[in-house]
Structure formats: C-alpha cells, structure tokens
Undergrad: 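Structure below; questions to follow.
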Amino acid sequence: MPSKRPYHHGNLAAELIEASFGLLAEQGLAEFSVAKVARALGVSTASPYRHFADRDHLLGAVAAQAARELADRMRADAAAAGADAGEAFAATAGTYVRYVAERGAGFDVIFSPTLTAVQSGGLAEGRRALMDLLFDLAHATGLAPTREDAFVLLERHLVAAHGYVSLFDGGFFTNRNPTASSIADRATQATRTLLAGAGAGG
C-alpha cells in the first residue's frame, strides 16, 4: 500500500491523481479504489468526491495524464533512437515497458472500457494523441503502406510490449533477476524481429 504522505492544501486533486499512480503500480487496476487512494494520502474517504464524481472520473483523470506522459516519453525516446524509422518505432516498446513498470498505468488503464463515459480531463484527446503518434511511427517504417497495414503492425507491436510488462509484473520472469530495463530491452528486440519479418514479407 502506498505510504501516507501529507498533501498540499488546495492541491488535493493533483495529489489524488499522483497517489492513484502509486496504488496502480503497487496493486494493479483490479485493486484500485477511491478509498484506498484517500487512505494513502491520509484524508477522509469523502474528500476525493469534492474533486471527482466517482471512481471512474478519478481513474479517467489518471488515464488522461498517463496518455500524455506516455506519448511524451515515447516521442522523446523515438527521437533519441536516431534517423532509422524502424529503430524509432521499436524504441517505443521499451518506453512502454519502463513507463508501466514505474507508473502502473498502461493501455489497460488508458483504454479501460469502464471509462468510455468519462468525457472530462482530456481523456479522449490524450488517447487520440497517443495513438496518432504510434500510428505515424508505424507508418514511417515504410513497412505498412496502407492505413490498415499500419494498424496491424501497431497492434502486434503493442501486444508484445504489453505482454512483456504484464508477465514481468506477474512474476513470470524469474531467471537471472530481470529488471524493468532488461524486459524493456526484450520488448524492443521483439519489435525489431516483428519489423524484420514484415520487411521479408511476413
């Protein structure tokens, strides 16, 4: 359970979002609740509802922030990968693993079906910006000439990255004391393999 910490007066909404990330990283989406977030901050269980109507609205704010943060990190890592478009795209697999391992909020949170009705907090815009970035990177590889091809490539890329971090969080990788960084490297290599297969007509 995240340790209790005092929040700054007047900034409870931001503190609730940050504490939510901590809870997600430690316990996962299935264990997420407003009451647990409140207890982590040492405030009453009623306090969050002054800022968020219910669990979904708090989680929606977390998802929106996660989408923005993840897009920013992916954009930076893709740029740092250099001029090769395939390497830029592959780098985002590692970004995803590292981000989820740190923050606890991946696509299962960002695209949670329970948040469909949540329109506030920029969630729809954050989702769209994140997917547009990934789509553009997939298309730039030159291995996905049509929009449909780009989405298939992107889908396979994300399935591998999400699968790696999910298995890592679940304790599947027990050999050689894996770290989030080493699993991120495996995810990046998986996308390189995917791209090599696509280039060979696979």
Side-chain angles (χ1 to χ4, degrees), residues 1-78 92-137 154-155 157-159 161-166 168-170 180 184:
M1 185 68 187
S3 60
K4 290 184 178 180
R5 61 181 186 274
Y7 66 90
H8 297 101
H9 182 69
N11 199 31
L12 180 56
E15 292 286 349
L16 287 164
I17 292 170
E18 195 59 33
S20 295
F21 278 108
L23 181 61
L24 287 166
E26 291 190 18
Q27 298 189 16
L29 181 59
E31 298 298 321
F32 183 87
S33 75
V34 176
K36 287 182 178 180
V37 174
R39 285 197 292 271
L41 286 176
V43 300
S44 74
T45 55
S47 295
Y49 296 103
R50 298 171 190 158
H51 300 274
F52 301 100
D54 52 29
R55 175 186 183 275
D56 284 351
H57 280 80
L58 173 55
L59 196 57
V62 174
Q65 182 168 320
R68 293 190 297 268
E69 289 179 353
L70 183 55
D72 287 345
R73 293 194 190 188
M74 285 182 167
R75 190 176 295 108
D77 287 350
T92 64
T95 308
Y96 182 77
V97 170
R98 289 187 295 271
Y99 181 81
V100 178
E102 175 193 341
R103 299 291 267 161
F107 280 98
D108 55 337
V109 175
I110 295 170
F111 291 97
S112 172
T114 66
L115 304 181
T116 301
V118 177
Q119 299 297 323
S120 60
L123 178 56
E125 294 84 352
R127 286 172 168 176
R128 185 162 47 250
L130 176 59
M131 292 307 295
D132 284 349
L133 170 65
L134 287 166
F135 176 83
D136 289 346
L137 289 168
L154 176 55
E155 177 185 89
H157 166 71
L158 294 178
V159 165
H162 188 74
Y164 266 109
V165 76
S166 296
F168 176 63
D169 286 345

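All values below come from the heavy atoms of this structure, side chains included, with hydrogens, waters and symmetry mates left out.
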Undergrad: How long is the straight-line distance from CZ of R39 back to OG of S44, given to the nearest 0.5 Å?
TA: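 Those atoms lie 12.0 Å apart.
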Undergrad: Yes or no on side chain to side chain contact (heavy atoms under 4.5 Å, CB included) for V100 and H162, after CA distance, side-chain angles and deciding distance?
TA: CA-CA 9 Å; V100 178; H162 188 74; 5.7 Å; no
Undergrad: Taking all non-hydrogen atoms of both residues into account, name the closest pair between A180 and A101 and its distance.
TA: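 So the two residues come closest at CB-CB, 3.7 Å.
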Undergrad: Which of parallel (below 30°), tilted (30 to 60°) and perpendicular (above 60°) describes F21 and Y99?
TA: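 Geometry flag for Y99 against F21: perpendicular rings.
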Undergrad: Identify the two heavy atoms, one from A63 and one from L123, that lie closest to each other, and give their separation to 0.1 Å.
TA: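 For A63 versus L123, the nearest heavy atoms are CB-CD1, 3.6 Å.
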Undergrad: A105 and A66: which non-hydrogen atoms are nearest, and at how many Å?
TA: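 In terms of heavy atoms, the two residues are closest at CB-CB, 3.8 Å.
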Undergrad: Measuring from R103:CZ to Q65:CD, what's the distance to the nearest 0.5 Å?
TA: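 R103 CZ to Q65 CD: 6.0 Å, rounded to 0.5 Å.
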Undergrad: Tell me, do D54 and H57 make a side-chain contact under 4.5 Å, heavy atoms counted?
TA: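 Sidechains of H57 and D54: in contact.
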Undergrad: Check whether K36 reaches the backbone of L23 with its side chain - one donor and one acceptor, N or O, closer than 3.5 Å.
TA: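 Between the backbone of L23 and the side chain of K36 there is no qualifying donor-acceptor contact (under 3.5 Å).
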Undergrad: Indicate the atoms forming the closest heavy-atom contact of A61 with I17, along with that distance.
TA: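 So the minimum-distance heavy-atom pair works out to CB-CD1, 3.8 Å.
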Undergrad: Quick one: are F32 and L59 in side-chain contact, heavy atoms under 4.5 Å?
TA: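 A side-chain contact exists here, since the closest heavy-atom pair is under 4.5 Å.
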Undergrad: T45 and A38: which non-hydrogen atoms are nearest, and at how many Å?
TA: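 Residues T45 and A38, closest heavy atoms: CA-CB, 3.9 Å.
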Undergrad: Set out, in order, the CA-CA distance, both residues' side-chain angles and the distance that settles side chain to side chain contact (heavy atoms under 4.5 Å, CB included) for D77 and R98, then state yes or no.
TA: CA-CA 11 Å; D77 287 350; R98 289 187 295 271; 3.2 Å; yes
Undergrad: Distance from R73 atom CZ to T95 atom OG1, nearest 0.5 Å?
TA: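 Output value for this atom pair is 9.0 Å.
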Undergrad: Got a second to check how far R68's CZ is from E125's CD, nearest 0.5 Å?
TA: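 R68 atom CZ to E125 atom CD measures 9.5 Å (nearest 0.5 Å).
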Undergrad: Which heavy atom of L130 sits nearest a heavy atom of M74, and at what distance?
TA: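 Heavy-atom minimum between the residues: CD1-SD, 4.0 Å.
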Undergrad: Measuring from atom CG of L158 to atom OG1 of T92, what distance do you get when rounded to the nearest 0.5 angstrom?
TA: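 Between atom CG of L158 and atom OG1 of T92 there are 7.0 Å.
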Undergrad: Does some side-chain heavy atom of R127 sit less than 4.5 Å from a side-chain heavy atom of L115?
TA: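 In contact.
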Undergrad: Taking the six-membered ring for Trp, are the ring centroids of Y96 and F107 within less than 6.0 Å of each other?
TA: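 Ring centroids of Y96 and F107 are less than 6.0 Å from each other.
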Undergrad: So do F52 and L16 actually touch side chain to side chain, heavy atoms under 4.5 Å?
TA: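 SC-SC contact between L16 and F52 confirmed.
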Undergrad: First locate atom CD of E26, then atom CG of D169, and finally report the distance between them rounded to the nearest 0.5 Å.
TA: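 Output value for this atom pair is 12.0 Å.
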Undergrad: Determine whether L41 and L12 make a side-chain contact, defined as any pair of heavy atoms from C-beta on separated by less than 4.5 Å.
TA: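 Contact flag for L41/L12 side chains = yes.
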